Amino acid sequence: MSAPDLAPEADLIAALSAAMLADGAVKAVLGDPVRLFSERSRAAAYPHASWGRSETLARDADEVTLIEHRLSLEIWCRDGDAPAITGQLREALRGLDPVLPEPWTLVLLAPAYSDVFATRDRRVKRGLIRLRAVMGLHSPST
């Protein structure tokens, strides 16, 4: 048996991305196929989303390994209602149930913050959703 992945940030983003690509509410906002990228694509049609900043914090307790991830999802809108699009996507994220690879379990996934910002191009707005995810490492039964 191999050692557990003790830095599962990439697995979490991959699981969230897969869940978003398959979710009808996300498709309603970001198109079908879903315009979701690992980093911003200036060539993509609007609206589209990309993963931004990621922060990881240890939240261990007695005999429990917990990791909290704070992820930024950036939503790029042009000539649209950026607050409405960001809000619709935030609500879609609330309903996701991504599957993580063993030995990790998703304990919590919640949008913790959202905002909309102006950019240099007055027609383009950047929405931001900060997601809070808590993952637990479960060990095999002895």
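In this text, all values refer to a predicted model and were calculated from it rather than measured experimentally. Just the heavy atoms: all of them, side chains too, but no hydrogens, waters or symmetry mates, feed the values below.
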Give me the atom names and distance for the closest heavy-atom approach of Leu106 to Ala133.
CD1-CB, 4.2 Å

Residues which pass side chain to side chain contact (heavy atoms under 4.5 Å, CB included) with Ala112, listed by chain and number, not counting sequence neighbours
Arg132

Please name all residues satisfying side chain to side chain contact (heavy atoms under 4.5 Å, CB included) with Arg53, sequence neighbours left out, ordered by chain then number.
Glu55, Ser72, Arg130

Before giving the answer on side-chain hydrogen bond (donor to acceptor under 3.5 Å, both in side chains), spell out for Glu9 and Ser54 the whole-Å C-alpha distance, their side-chain angles and the decisive distance to 0.1 Å.
CA-CA 8 Å; Glu9 296 89 343; Ser54 176; over 6 Å; no

Please report the C-alpha distance between Leu89 and Val26 in whole Å, then the side-chain angles of each, then the deciding distance to 0.1 Å, and finally whether the side chain to side chain contact (heavy atoms under 4.5 Å, CB included) criterion is met.
CA-CA 6 Å; Leu89 191 54; Val26 174; 4.1 Å; yes

Residues joined to Leu128 in its hydrophobic cluster, side chain to side chain under 4.5 Å directly or through other members, sorted by chain and number, are Tyr113, Phe117

Sequence neighbours excluded, which residues qualify as side chain to side chain contact (heavy atoms under 4.5 Å, CB included) partners of Ala22?
none

By side chain to side chain donor-acceptor pair (under 3.5 Å) - contacts of Arg94 (at least two apart)
Glu91

Quick check: does any side chain N or O of Thr65 sit under 3.5 Å from a backbone N or O of Leu137, one acting as donor and the other as acceptor?
no

Residues which pass salt bridge (charged side-chain N to carboxylate O under 4.0 Å, His left out) with Arg90, listed by chain and number, not counting sequence neighbours
none

Taking every heavy atom of Met135 against every heavy atom of Val107, the minimum-distance pair comes out as C-CG2, 4.3 Å

Once side chain to side chain contact (heavy atoms under 4.5 Å, CB included) is applied, do any residues pair with Pro83, and if so which ones, sequence neighbours excluded?
Asp81, Val116

What pairs with Arg78 under side chain to side chain donor-acceptor pair (under 3.5 Å), at least two apart in sequence or on another chain?
none

Contacts of Asp121 that satisfy salt bridge (charged side-chain N to carboxylate O under 4.0 Å, His left out) - sequence neighbours left out:
Arg123

Partners of Arg126 by salt bridge (charged side-chain N to carboxylate O under 4.0 Å, His left out), sequence neighbours excluded?
Glu74

Where is the tightest heavy-atom contact between Pro8 and Ile67, given as atom of each residue plus distance?
CD-CD1, 3.9 Å

Distance-only check: which donor-acceptor pairs under 3.5 Å involve side-chain atoms of residues 37-47, not counting sequence neighbours?
from  : atom 1 : to    : atom 2 : distance (Å)
Arg40 : NH2    : Tyr46 : OH     : 3.3
Ser41 : OG     : Ala44 : N      : 3.4

By side chain to side chain donor-acceptor pair (under 3.5 Å), Thr105 pairs with (sequence neighbours left out) His138

